[in-house]
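What follows is a short report on a single structure.
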Amino acid sequence: MDMKSLYLLIALSPLAGAIIAGLFGWAIGRRAAHVVTIAGVAVSAVLSLKVLYGFLNGGAVFNETVYTWLTVGGMEFSVGFLVDSLTALMLVVVTSVSLMVHIYTIGYMSEDPGYQRFFSYISLFTFSMLMLVMSNNFVQLFFGWEAVGLVSYLLIGFWFKRPTATYANLKAFLVNRVGDFGFLLGIGLVLAHFGGSLNYADVFAALPQVKDQTIQIIPGVDWSLMTVTCILLFVGAMGKSAQFPLHVWLPDSMEGPTPISALIHAATMVTAGIFMVSRMSPMFELSDTALNFVMITGSITALFMGFLGIVQNDIKRVVAYSTLSQLGYMTVALGASAYSVAMFHVMTHAFFKALLFLAAGSVIIGMHHEQDMRKMGGLRKYMPITWITSLLGSLALIGTPFFSGFYSKDSIILAVEHSNLAASGFATFAVLAGVFVTAFYSFRMYFLVFHGKERWMDAAHPASHHGDHADEEPDHDHHHGLGPNDKPHESPWVVTLPLVLLAIPSVIIGYFAVGPLVGGDFFNGVIFTNLAAHPGLAAVMPHAEHAFEMGMHAFVTLPFWLALAGVVTAWVFYMKAPQIPAAIKKTFAPVNTLLENKYYLDEIYFAVFAKGSRALGTFFWKICDMLLIDGLIVNGSAKLVGSFSRVVRRLQTGFIYSYATTMIVGVLALITIWFSQLIFG
Amino acid sequence: MLSNLLSLVIWVPIAAGLLVLATGGDQRAVLARWLALAGAALGFLVSLPLFLNFDVLNAGMQFEEMRPWIAALNINYHLGVDGISMLFIVLNSFITLMVVLAGWEVIQKRVAQYMAAFLIMSGLINGAFAALDAILFYVFFEAMLIPMYLIIGVWGGPRRVYASIKFFLYTLLGSLLMLVAFIYLYFAAGKTFSILAFQDLMAIPLNVQILLFIAFFMSFAVKVPMWPVHTWLPDAHVEAPTGGSMVLAAITLKIGAYGFLRFALPILPDASRELAPIIVGLSLVAVVYIGLVALVQTDMKKLVAYSSISHMGFVTLGFFLFAGNELNVWAVEGAIVQMVSHGFVSAAMFFCIGVMYDRVHSRNIADYGGVANKMPIFAAFMVLFAMANSGLPATSGFVGEFMVIMGAVQVNFWVAALAALTLIFGAAYTLWMVKRVIFGEVGNHHVEELKDVNKREFLVLAVLALTVLGMGLYPQAFVDKMHLSVNDLIAHVAQSKL
């Protein structure tokens with residue numbers, strides 16, 4: 001099989017599964033729907049591993065056109081694949097997590113009436129994400145970008161009867177569109193100024209000629225073209241990768257079923273922005289201003305979204321805010337020009353965060369669709385596999401030495417500490433403080449769920465009671481949470497198997513990957529870092545070459561002790577002395593209120609943008625269109641004509657046919673008049 | 001046969017329409033329907049060779065026909081198409097087929113007349129796109145108003161009289177001025193009404209160009225419609241039957257935009273350039289202001305009508321993006337793509353609304369909710385078309401907007417930025433409507449009783465879905481046809497006539 005067919009097969013086999021399950025799911029039934037979609041994704045996953053294996057052994061970069069989508073002005077714009085080491089890494093991450101989520105879904109969605117539809121969507125998502133990462137040009141990138149957004153919209157609103165779900169998916173789509181607004185303008189600038197092509201290779205080749213160009217966005221003010229372009233492109237990443245202030249859609253996206261929270265809103269789609277910036281590293285390297293902007297955005301997201309994770313009581317929301325915070329870490333790494341480190345964190349995070357989400361889903365099943373952690377506790381006895389895998393995932397997340405998350409997060413911190421950008425001071429503080437915060441909220445969740453008192457016993461509640469957020473299964477699950485005589489139970493094997501399979505890379509992948517990905521030459525010629533100008537990465541590389549020493553060395557560094565302090569604090573607060581957090585809540589009530597209301601950003605956005613545009617629309621419609629244009633001008637002149645026509649009423653027979661005749665006669669009359677004037681006059 | 005192709009695409013539907021009319025009253029409605037379907041299918045079939053046999057290497061007019069008509073005034077029956085007008089003839093013939101299917105058993109009164117009106121209108125519209133003689137164009141352009149006027153006035157809603165008269169007065173007002181312009185050009189070009197001769201006129205003073213431009217503008221801007229002469233469209237749509245709305249949005253609006261391409265731009269390049277900032281400004285008003293107006297609509301048809309105005313703003317925007325003397329090729333081709341795409345998408349949106357209206361007899365968003373529970377197949381189509389309306393890549397709706405925005409960035413960043421706001425507004429008004437109509441719990445007992453689409457409706461939806469996706473995935477099939485004609489247009493416009 002030639003490479004092109006191989007790559008086509010990787011991209012199209014999930015699409016084939018999606019089409020079969022989506023269009024013919026009603027005919028083929030549930031079992032066939034999950035078999036065909038899982039088979040499609042499995043084919044992609046196996047072939048992706050083969051591709052990655054090839055690149056680990058010095059495989060050749062593939063860059064070819066599949067078909068011409070459009071020609072304009074003599075330029076061809078094609079659908080095409082660029083497969084290099086960066087793509088290969090993403091292929092494996094996307095297809096492997098997707099495969100796990102497909103399997104898990106068999107168990108999680110087993111009672112849902114939309115079973116086939118769900119499988120169709122997640123396979124369609126896999127296809128879209130693969131098109132995004134395999135693209136060799138901006139147009140296809142944008143296609144994949146919007147297509148994953150579409151599937152995200154469909155999946156957040158999967159339970160479309162729930163008002164919260166359809167509110168959340170509309171919000172997600174629109175906030176992402178705000179990002180895409182910037183992204184598309186960025187692509188426009190690339191097309192306009194970078195040699196007239198949208199192929200990555202051509203654009204990068206044009207960089208030496210355009211790197212010092214300026215552009216006047218505001219007339220008379222020269223800005224660097226690179227800076228403006230990069231920041232606009234990054235605005236797209238801010239939407240998709242949920243960076244402050246466009247992060248507001250991600251927590252609400254938890255309205256979707258848990259498997260997609262793991263796949264789309266943690267492991268893959270939300271990292272598309274990080275991937276995109278890494279792909280564009282030759283461009284971002286040329287603008288320190290853009291990099292500073294990236295770094296500050298990431299820092300704010302990493303720290304302030306972490307704070308919000310502390311006050312959540314819904315298990316999925318804790319993981320969601322943790323995802324936001326981790327996306328902030330990746331973005332900070334991009335700002336520090338450590339693109340390879342960011343991609344490394346994308347990979348490790350994909351595994352441990354998918355694990356944490358799926359484990360949270362398992363807990364939710366075990367608790368009969370209870371998501372409030374205050375009603376859990378002591379679950380380790382009842383759900384041993386979920387417990388152990390969650391613990392491993394949490395340890396990876398907080399950066400325990402030798403776990404995968406440690407290698408990627410420590411590399412980020414190192415790179416930021418050694419960055420020479422203006423923003424690096426604040427960024428260093430943010431990522432270090434973030435370590436404590438991450439450890440604290442992660443183990444707060446861990447202790448609340450798996451340890452301590454079994455609180456579901458005393459939290460007996462009426463069946464109609466709903467938690468903070470709407471319950472999961474809307475259709476068939478009439479009771480919510482455990483009944484008085486129920487006990488939590490471990491989930492079926494289709495749920496626990498993916499947990500175990502994800503736990504393995506969550507623990508070990510960092511140790512093996514840090515060398516080649518960060519220290520080595522895996523990304524050579526693909527990701528470009530100007531080490532002389534941006535020394536952050538150079539500081540990490542020597543450490544990364546020696547994974548074991550890096551792990552040992554961690555015990556004498558600040559991040560380790562910060563993480564430990566976070567875990568211990570969580571233990572004291574939620575296991576030993578629960579009166580402390582209560583007291584803190586009371587003492588710092590305003591801070592608590594601010595956090596519980598997510599800094600009031602949702603309220604502000606709603607008041608300003610949603611209400612504002614509706615008010616403006618109403619004004620334009622009622623005042624401008626109806627009152628001024630229609631009322632005054634149109635109907636005014638009609639009245640004038642009307643009063644005239646009263647005089648000639650006898651001509652009005654009221655039949656439309658007469659109007660038509662009159663019109664033709666009138667036209668002819670006019671022609672005659674004009675002609676006679678022109679000819680004789 | 002090929003030499004008379006354009007006559008066939010004009011007269012086959014008209015003849016079919018007359019034949020349908022001859023079936024008489026509603027006792028033979030079944031016959032009228034099948035005859036109309038056969039006529040529309042035949043009309044579409046004869047239009048296909050235009051697309052398939054079109055020579056993409058020939059920049060001139062193709063399939064030309066020329067016969068003297070009124071010899072005394074040198075008025076000719078002169079037909080011909082380039083890579084732009086050809087697309088609209090095929091689109092129109094296709095939409096006519098959809099419209100006949102859309103009205104199938106929905107229309108129960110005066111079936112023959114209804115079907116005949118659409119068939120005759122289809123032929124007249126093809127005539128307007130194919131005409132190369134200004135008077136011939138004018139006759140078709142005016143004559144097609146009559147069937148549309150009847151469609152709204154006879155099969156329309158309760159305020160149909162107000163709407164049809166408003167529609168009529170608005171459009172009539174403009175076209176008279178266009179006639180004046182034609183007569184001036186007749187003398188300037190040496191007593192000919194040949195549009196190509198108008199285009200090749202070498203010297204027209206700027207003040208004359210501007211006056212002529214205003215005359216054309218009055219006629220075409222009303223048709224597009226551009227702000228502020230747009231208020232007839234929502235009223236006409238609301239009152240028109242489903243088929244009327246489909247043709248109105250898909251085709252009739254395009255004739256206005258086509259007029260700019262065929263007349264205003266190549267005949268009056270200097271005035272076009274002088275007045276371009278105004279047109280661009282009005283187009284951006286359409287995109288932004290009308291986008292916001294669409295957001296607050298409570299009537300689905302009005303919402304889609306405003307959405308049409310907003311999308312047509314992209315068309316006029318794309319036509320008038322000058323960099324120096326040159327039009328931007330991305331923007332012009334994007335605008336034409338947008339015209340074709342909007343033909344598919346708006347027809348589909350209006351058909352979707354029609355499907356619901358036939359069942360519930362309401363266009364109010366508030367009267368729905370949770371339609372997906374009862375009509376899952378319909379809901380899937382509706383979401384697809386809504387996404388196309390929001391300009392999602394892989395649907396046709398993306399291609400034109402993308403190209404116009406790409407062109408606009410090359411000309412003026414702020415114009416591009418304002419135009420790109422449609423990414424947000426377009427999604428907001430379309431998907432908010434979808435949220436309230438399609439999603440949610442079953443809203444009331446009307447929705448509870450809904451039945452999913454029947455085979456006929458499924459066929460129309462599926463065909464439209466395939467075209468929307470096909471054009472999104474492979475726009476090259478359409479764009480390839482127009483390159484040389486667009487280049488020719490740009491060359492004409494670049495040549496000053498001062």
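Order of the sequence lines fixes the chain letters, A, B, ..., with proteins taken first and strands second; residue numbering starts at 1 for each chain.
Closest heavy-atom contact between A/Asp625 and B/His230: OD2-NE2, 2.7 Å. Taking both residues in full, the closest heavy atoms of B/Gln410 and A/Ala192 are given as CG-CB, 3.5 Å, listed atom of the first, atom of the second, then distance. Scanning all heavy atoms of the two residues, the minimum distance from A/Arg177 to B/Ala427 falls at NH1-CB, 4.0 Å. In plain terms, the two heavy atoms of A/Thr71 and B/Val479 that are nearest each other are O-CG1, 3.6 Å. Between A/Phe620 and B/Val293 the shortest heavy-atom distance is CB-CG2, 3.5 Å. For A/Trp69 against B/Leu473, the heavy-atom pair with the smallest separation is CD1-O, 3.2 Å.
Residue A/Phe143 touches chain B through both its backbone and its side chain, counting heavy-atom pairs closer than 4.5 Å. Only the side chain of B/Trp414 comes within contact range of chain A, with heavy atoms under 4.5 Å apart. Heavy atoms of A/Leu170 lying under 4.5 Å from chain B belong exclusively to its side chain. In this structure, the portion of B/Phe402 lying under 4.5 Å from any heavy atom of chain A is its side chain and not its backbone. Contacts between B/Phe182 and chain A at a heavy-atom distance below 4.5 Å are absent for every atom of the residue. Residue B/Ile490: no heavy atom, backbone or side chain, is found under 4.5 Å from chain A. Heavy atoms closer than 4.5 Å to chain A are found in the side chain of B/Asp235, but not in its backbone. Contact annotation for B/Val139: neither backbone nor side-chain heavy atoms come within less than 4.5 Å of a heavy atom of chain A. Of the two parts of B/Ile377, neither the backbone nor the side chain holds a non-hydrogen atom closer than 4.5 Å to a non-hydrogen atom of chain A. For B/Met403, the part sitting under 4.5 Å from any heavy atom of chain A is the side chain, from C-beta outward, and nothing else. At a 4.5 Å heavy-atom cutoff, the contact between B/Trp227 and chain A is made by side-chain atoms alone. Using a 4.5 Å cut-off between heavy atoms, B/Glu333 contacts chain A through its side chain alone, with no backbone atom that close. There is no contact between B/Val486 and chain A, counting heavy-atom distances below 4.5 Å. Only the side chain of B/Phe398 comes within contact range of chain A, with heavy atoms under 4.5 Å apart. For a residue to count as touching a neighbouring chain, one of its non-hydrogen atoms must lie under 4.5 Å from one of that chain's; by this rule A/Leu232 touches chain B with the side chain only. Only the side chain of B/Ile405 comes within less than 4.5 Å of a heavy atom in chain A; its backbone stays farther off.
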Checklist line | Test side chain to side chain contact (heavy atoms under 4.5 Å, CB included) applied to A/Ile187 and B/Met406, step by step | finding: CA-CA 8 Å; A/Ile187 294 176; B/Met406 290 296 114; 4.0 Å; yes
Note to self: Please evaluate residues A/Phe77 and B/Trp330 with respect to the criterion ring-ring contact (aromatic ring centres under 6.0 Å, His included), reporting the C-alpha separation (whole Å), side-chain torsions for both, the decisive distance (0.1 Å), and the verdict.
What the structure shows: CA-CA 12 Å; A/Phe77 297 86; B/Trp330 276 87; 5.0 Å; yes
Margin query: Is there a side chain to side chain contact (heavy atoms under 4.5 Å, CB included) between A/Phe173 and B/Leu392? Walk through the geometry before answering.
Written below: CA-CA 11 Å; A/Phe173 200 88; B/Leu392 193 83; 4.0 Å; yes
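Separating the CG atom in B/Leu295 from the CZ atom in A/Arg614 is a distance of 7.5 Å, to the nearest 0.5 Å. For the atom pair A/Trp621 CH2 and B/Tyr289 OH, the distance stands at 12.0 Å (nearest 0.5 Å). Within the model, atoms CG of B/Asp480 and OG1 of A/Thr68 stand 10.0 Å from one another, a figure rounded to the nearest 0.5 Å. With values rounded to the nearest 0.5 angstrom, B/Leu423 atom CG is found 8.5 Å from A/Phe181 atom CZ. Distance CG/B/Leu292 to SG/A/Cys624: 11.0 Å, rounded to 0.5 Å.
Each of B/Gln297, B/Met482, B/Arg436 has some count of heavy-atom pairs under 4.5 Å with chain A, and the biggest count is that of B/Gln297. Chosen from B/Ala372, B/Pro376, B/Gly370, the residue pairing most often with chain A at heavy-atom distances under 4.5 Å is B/Ala372. Counting heavy-atom pairs closer than 4.5 Å to chain A, the top residue among B/Ala417, B/Pro228, B/Gly472 is B/Ala417. By number of non-hydrogen pairs under 4.5 angstrom with chain B, the leading residue of A/Val178, A/Ile217, A/Leu174 is A/Ile217. When B/Ala394, B/Ala294, B/Gly407 are compared by the number of non-hydrogen pairs under 4.5 Å with chain A, B/Ala394 comes out ahead. Of the listed residues (B/Ile424, B/Val434, B/Val411, B/Thr422), the greatest number of heavy-atom pairs within a distance under 4.5 Å of chain A belongs to B/Ile424. With chain B as partner, the option from A/Val190, A/Leu616, A/Leu184, A/Ile215 having the largest number of non-hydrogen pairs under 4.5 angstrom is A/Leu184.
A/Trp223 has its ring centre no less than 6.0 Å from the ring centre of B/Phe413.
Under the 4.5 Å side-chain criterion, counting only non-hydrogen atoms from C-beta, A/Phe160 is not in contact with B/Lys435. For the pair A/Leu191/B/Val409, no side-chain contact is recorded, criterion being any heavy-atom separation below 4.5 Å from C-beta on.
Annotation: residues 147-156 of chain A contacts chain B through A/Leu150, A/Tyr153, A/Leu154 [non-hydrogen atoms, separation under 4.5 Å].
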